[in-house]
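Here the structure comes first, spelled out in structure tokens, and everything after it is commentary.
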Amino acid sequence: MLEAAHIQAVLVVYQQKAVDSSSWKSLRATAAGREMHWLVVDNSPIAGGSPAAEVRYEHHPTNPGVSAAYCRGAELAQQDGCTWLLLLDQDSAFPADWFEQYTKALQKFPNATLLVPAVPAGRKWMSPAKYRWHRGWLNTPMKEGAFALEQNAPINAGMLIRRDAYLEAGGHEPTVQLDFSDFAFLHKFQKRNPTAVLANFKLTHSLSGIEKAQFKQRVQRFGYYCRDAAAFARTGGPRGWLWFWAAWRALVLSARYRRLQFFRVFWREFPTP
């Protein structure tokens, strides 16, 4: 049986106070959200402060990324005897019945090691994404229940993972700091746990890669994308495909902005396939 007191929630924030984040506000509005163990990892240059006195709060101004934060949460979960990890970011809003739906899903699939919500993007879903050619694509809505991780890949936000399964798989890759962090984790996780369970609720979520950005911001963001693609390749990811998708993105962005700086970033961060 799922108990809120056995969940270690890991909330990662950047340039936003945890208390103002959608994940914090939506989860703490529920009884289960107030009963969970909480770790807030603040990767902002300037500390935003803990959202509550009883919450563990860590400030990392060097911004080591979300993967390191989730690994840290797993350490604390093991230390405190928590059975589950709930992965969070600042941009996700949970419905009021999230805990009840996860509980129902576990009743149907008691041996599940990974449970996830649906994340809509208009009429399609961004999560679980259709996983083809080693990248995620917008998916058609899926039925709740078990699904193969080889074919459908969920994003980090909202993942509920058994702590032991997480640690046995090796957790997230700390060097894959942001982009591909979920793919790099699932790449290892599915070798031991080939299926996940889709619970019957939807998460409202936004992705910075989809939002409009100025040229300088886009170049910087693309640099992070290439950095993490190369890191994933070095830790066992599909190097040829990762190189191809980074090159393709450089081409698309160069055409959109009519600038070649994206290719210079690409060759610097990920020079060979």
> Which pairs pass side chain to side chain donor-acceptor pair (under 3.5 Å) with one or both residues in residues 180-193, sequence neighbours excluded?
Replying inline: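 Non-adjacent pairs meeting side chain to side chain donor-acceptor pair (under 3.5 Å): Thr113-Asn193, Asn156-Ser181, Glu173-Lys188.
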
> side chain to side chain donor-acceptor pair (under 3.5 Å): which pairs involve residues 10-27, sequence neighbours left out?
Replying inline: none

> Going through the distances and angles, do Lys202 and Val119 end up as a side chain to side chain contact (heavy atoms under 4.5 Å, CB included)?
Replying inline: CA-CA 6 Å; Lys202 294 182 175 66; Val119 185; over 6 Å; no

>> Quick check on the 6.0 Å ring-centre criterion: do Phe201 and Tyr102 meet it?
In response: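 Yes; Tyr102 has its ring centre under 6.0 Å from that of Phe201.
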
For the residue pair [X] and [Y], does the interplanar ring angle fall in the parallel (under 30°), tilted (30 to 60°) or perpendicular (over 60°) class?
X: Phe263; Y: Phe266; answer: perpendicular
X: His134; Y: Trp241; answer: tilted
X: Phe94; Y: Trp98; answer: perpendicular
X: Phe222; Y: Tyr225; answer: parallel

So which atom in [X] and which in [Y] form the shortest heavy-atom distance, rounded to 0.1 Å?
X: Ala93; Y: Leu203; result: O-CD1, 3.4 Å
X: Phe147; Y: Pro128; result: CZ-CG, 3.9 Å
X: Val13; Y: Ala18; result: CG1-CA, 4.0 Å
X: Phe262; Y: Ala250; result: CB-O, 3.9 Å
X: Pro120; Y: Ala118; result: CD-O, 3.7 Å
X: Pro174; Y: Ser67; result: CA-CB, 4.0 Å

Spacing of [X] atom [atom1] and [Y] atom [atom2] [to the nearest 0.5 Å]:
X: Thr103; Y: Phe99; atom1: OG1; atom2: CZ; value: 4.0 Å
X: Ser50; Y: Arg56; atom1: OG; atom2: CZ; value: 11.5 Å
X: Gln261; Y: Phe215; atom1: CD; atom2: CZ; value: 4.5 Å
X: Phe183; Y: Leu149; atom1: CZ; atom2: CG; value: 11.5 Å
X: Leu138; Y: Trp125; atom1: CG; atom2: CH2; value: 12.5 Å
X: His172; Y: Thr235; atom1: NE2; atom2: OG1; value: 12.0 Å

> Under the side chain to side chain contact (heavy atoms under 4.5 Å, CB included) criterion, do Leu178 and Arg221 qualify, and how do the steps go?
Replying inline: CA-CA 10 Å; Leu178 183 60; Arg221 189 71 184 80; 3.7 Å; yes

Answer whether the closest heavy-atom distance between the side chains of [X] and [Y] falls below 4.5 Å.
X: His37; Y: Leu76; result: no
X: Pro154; Y: Leu198; result: no
X: Gln8; Y: Arg163; result: no
X: Thr175; Y: Arg234; result: no
X: Leu115; Y: Trp84; result: yes
X: Val116; Y: Ser127; result: no
X: Cys82; Y: Ile7; result: no
X: Asp89; Y: Leu11; result: no

>> Within a 6.0 Å radius of atom CD on Glu150, are there more than 12 heavy atoms belonging to other residues, nucleotides or ligands?
In response: no

> Out of Leu87, Ile161, Val176, which one pairs with Phe185 under the side chain to side chain contact (heavy atoms under 4.5 Å, CB included) rule?
Replying inline: Ile161

>> Could you go through Met126 and His205, starting from their C-alpha distance and side-chain angles, then the distance that decides it, and tell me whether this counts as side chain to side chain contact (heavy atoms under 4.5 Å, CB included)?
In response: CA-CA 9 Å; Met126 72 168 65; His205 182 75; 4.0 Å; yes

> Can we say Arg227 and Asp179 salt-bridge, meaning some charged N sits less than 4.0 Å from an Asp/Glu carboxylate O?
Replying inline: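 Salt bridge between Arg227 and Asp179, a charged N being under 4.0 Å from a carboxylate O: no.
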
Using only atom types and a distance under 3.5 Å, with no angle test, would you say the side chain of [X] pairs donor to acceptor with the backbone of [Y]?
X: Tyr57; Y: Gly49; answer: yes
X: Thr195; Y: Ala148; answer: no
X: Asp42; Y: Gly48; answer: yes
X: Asn200; Y: Gln101; answer: no

> Looking at Tyr257, does the NZ or CZ of Arg218 lie under 6.0 angstrom from its six-membered ring centre and within 45 degrees of the ring axis?
Replying inline: no

>> Under 6.0 Å from the ring centre and within 45 degrees of the ring axis: does the NZ or CZ of Arg249 meet both conditions for the six-membered ring of Trp245?
In response: no

>> Same cluster or not: Tyr224 versus Phe270, using hydrophobic residues (I, L, V, M, F, W, Y) connected whenever any side-chain heavy atoms lie under 4.5 Å apart?
In response: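 Tyr224 and Phe270: separate clusters.
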
> When hydrophobic residues are tied together by side-chain contacts of less than 4.5 Å, even through go-betweens, does Tyr131 share a cluster with Trp133?
Replying inline: yes

> Please walk me through it: do Arg132 and Lys130 pass side chain to side chain contact (heavy atoms under 4.5 Å, CB included)?
Replying inline: CA-CA 6 Å; Arg132 293 289 184 274; Lys130 184 67 68 176; 3.6 Å; yes

